[in-house]
There are 2 protein chains.
Amino acid sequence: MSSESDFNAPVRRKPVPEKKIRVLVVDDHPPMRIGLVALIKSQPGMDVIAEASDGEEAIEVYDDVLPDIVLMDLRMPGMGGVEAILAIRKKHPDARVIVVSTYDMDEDIHRAMQSGAKSYLLKDMPIEEIASTIQGVYEGDTPLPRSVQERLMERAQRQQLTERERDVLEALIKGRSNKEIASSLCIAEDTVKSHLKTLFTKLHVRDRTGAAIEAIRHGIIHLK
Amino acid sequence: MSSESDFNAPVRRKPVPEKKIRVLVVDDHPPMRIGLVALIKSQPGMDVIAEASDGEEAIEVYDDVLPDIVLMDLRMPGMGGVEAILAIRKKHPDARVIVVSTYDMDEDIHRAMQSGAKSYLLKDMPIEEIASTIQGVYEGDTPLPRSVQERLMERAQRQQLTERERDVLEALIKGRSNKEIASSLCIAEDTVKSHLKTLFTKLHVRDRTGAAIEAIRHGIIHLK
DNA sequence: ATGACTCTCACCCGTTTGAGGGAAATGACG
DNA sequence: CGTCATTTCCCTCAAACGGGTGAGAGTCAT
């Protein structure tokens, strides 16, 4: 697959000016944005053609510059990364977005890949891995770091929650009692208990406190 | 206070080559480190003289280069920022460390300031604020961003926990029942309940689940 | 249209938890 | 020395919680 091992191609090193990969960087943290931009510009075959600091801006800018690759942060104020990816890929189904996140929670990873991201990088990864992933995605691959793959496998092994179970879990993490959850969801308290029972089983915990912790730990429900 | 409004000083613009502020940057995320370095180097009066990617390295490097200012990430694998600050300030009580963190949890802020940090910045702050804070700390001030100050105030209003209460809270967040907490701390179950009662009061919650959530939200106990 | 899944609700039963009260021992601080 | 905070322990009681079981109504795909 890789263009490097094409033995039949004629050898020509210098002659081709080689078009640079045009990257759009999206991150709400100024120093991180600066770092990603510098990192990419330091790579010979890549260039940053635009930046954005949130989801809405990313969508606008994408339409303007039509980059080859988008490097997108996941958690941003206002429109998050997932919504931005969905919006971009709705208009441009062939858009190639790579998520660059601080968090390695399996639900974050899953949501990102589900929404159409081509890869998922962590900010603690070495610059070589970031660069090679950009290169790989540009060439049509979907190179997913091993550690991220493993997280994704973990999630796959966990039974996934139904919509209603997520509702209950979310209410639970707001600190509500069964009775309060019931009235906030307009169902009977027994129904809440019923959902909780399956939640405990699926999350491999025995009580609501354990469920809350697991939900937060895996990023199933975001705090705040 | 600011050296700009010194009307009595003789005006001399160019002549002074002005010694640059020598900064040590500590962060485990490569792109963030690159960004912080680039940010500082872009400021005329500052320069990065060394970098480190974790606490241990930071301590070593500090001894070597004796920087004017340390820009330190808080959450790092191995030795975290707080321990690094304590270690550095033990040997060099006049060390000036500025924390640069992703998180604005009040406990994180408090622990950092407690350990001797001169200021606490968030990574979503504009580069001007980061630069001016470095300048301010270099000049002997402790310029704390308003939003960070407010967080500190919030924490101050909350009653602080005793060591034993933190033990119970930590065990609680491991998903343990009262009985299990009791045996893990070698105390009676009733004692656990007693601590929980005061915990609920101090955290303004009614049950263990609420306590777990609040503890995580405020960074009192770190998940994982 | 039969099975699979979800959501809903109900009942029983035992355990855990939280609210109320009180009290003794320790060490720190003035 | 007395006072305060902290830690430890005890008791009772009612409410909340969790396990087990079952079951009707709805959607959906095969």
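Chain letters run A, B, ... following the sequence lines, proteins first and then strands; every chain starts at 1. Please read all numbers here as calculations on a predicted model, not as lab measurements.
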Asks: Looking for any heavy atom pair under 4.0 Å, which part of the strands does B:E163 touch: base, sugar-phosphate only, or nothing?
Replies: sugar-phosphate
Asks: Among the nucleotides D:dT8, C:dA19, C:dT8, which one has an atom lying closest to any side-chain atom of A:T191?
Replies: C:dT8
Asks: With respect to the phosphate group of D:dG18, does any side-chain polar atom (N or O) of A:R206 fall under 4.0 Å of OP1 or OP2?
Replies: no
Asks: Below 3.5 Å between N/O atoms, which protein atoms pair up with nucleotides 21-25 of chain D? Just atom names and distances, please.
Replies:
| residue | atom | partner | partner atom | Å |
| --- | --- | --- | --- | --- |
| D:dT21 | O4 | A:K197 | NZ | 3.3 |

Asks: Identify, with sequence neighbours excluded, every residue that meets ring pair (Phe, Tyr, Trp, His ring centres under 6.0 Å) alongside A:H92.
Replies: A:Y62
Asks: Determine the contact category for A:T162: base if any of its heavy atoms lies under 4.0 Å from a base atom, sugar-phosphate if only primed atoms, P, OP1 or OP2 are that close, otherwise nothing.
Replies: sugar-phosphate
Asks: OP1, OP2 of D:dA16 versus side-chain N and O of A:N178: anything below 4.0 Å?
Replies: no
Asks: For the pair made of CG in B:L196 and P in D:dT6, what is the distance, rounded to whole Å?
Replies: 17 Å
Asks: Would you indicate, yes or no, if D:dC17 has its OP1 or OP2 atom less than 4.0 angstrom from a side-chain nitrogen or oxygen of A:K193?
Replies: no
Asks: Measure from CG on B:D190 to P on C:dG20 and round the result to the nearest Å.
Replies: 16 Å
Asks: Is it true that A:K91 and A:D63 make a salt bridge, defined as a side-chain N closer than 4.0 Å to a carboxylate O?
Replies: yes
Asks: Once you round it to whole Å, what is the distance between P of D:dC17 and CZ of B:R208?
Replies: 12 Å
Asks: Whole angstrom is fine here: how far is it from CD in A:E180 over to C1' in D:dC17?
Replies: 14 Å
Asks: Please table the atom pairs, donor to acceptor, closer than 3.5 Å between any side-chain atom in residues 211-218 of chain B and protein atoms at least two apart or in another chain.
Replies:
| residue | atom | partner | partner atom | Å |
| --- | --- | --- | --- | --- |
| B:E214 | OE1 | B:H218 | NE2 | 2.9 |
| B:E214 | OE2 | B:R217 | NH1 | 2.9 |
| B:H218 | ND1 | B:D106 | OD2 | 3.2 |
| B:H218 | ND1 | B:R158 | NH1 | 3.4 |

Asks: D:dC17, D:dC9, C:dG18: which one has an atom nearest the side-chain heavy atoms of B:A188?
Replies: D:dC9
Asks: Give a yes or no on whether a salt bridge exists between A:R75 and B:D124, defined as a side-chain N under 4.0 angstrom from a carboxylate O.
Replies: no
Asks: Check the distance between D:dC17's P and A:D207's CG and give it to me in whole angstrom.
Replies: 11 Å
Asks: For the residue pair A:S184 / A:E180, report whether a side-chain donor-acceptor contact shorter than 3.5 Å exists.
Replies: no
Asks: Starting from P on C:dG18, measure out to NE2 on B:H195 and report it in whole angstrom.
Replies: 15 Å
Asks: Would you mind reading off the distance between A:E165 atom CD and C:dT6 atom P, rounded to a whole angstrom?
Replies: 7 Å
Asks: From C-beta outward on A:R164, which listed nucleotide comes closest to its side chain: C:dT8, C:dG18, D:dT7?
Replies: C:dT8
Asks: Relative to the 5' end of DNA chain D, which residue comes earlier, B:K202 or A:K179, by the nucleotide with the nearest heavy atom?
Replies: B:K202
Asks: Specify the separation, in whole Å, of atom CG of A:L199 and atom P of D:dC17.
Replies: 14 Å
Asks: What are the two closest heavy atoms between B:E165 and B:L199, and how far apart are they?
Replies: O-CD1, 3.7 Å
Asks: Taking atom CD1 of A:I109 and atom OH of A:Y103, what is their separation to the nearest 0.5 Å?
Replies: 13.5 Å
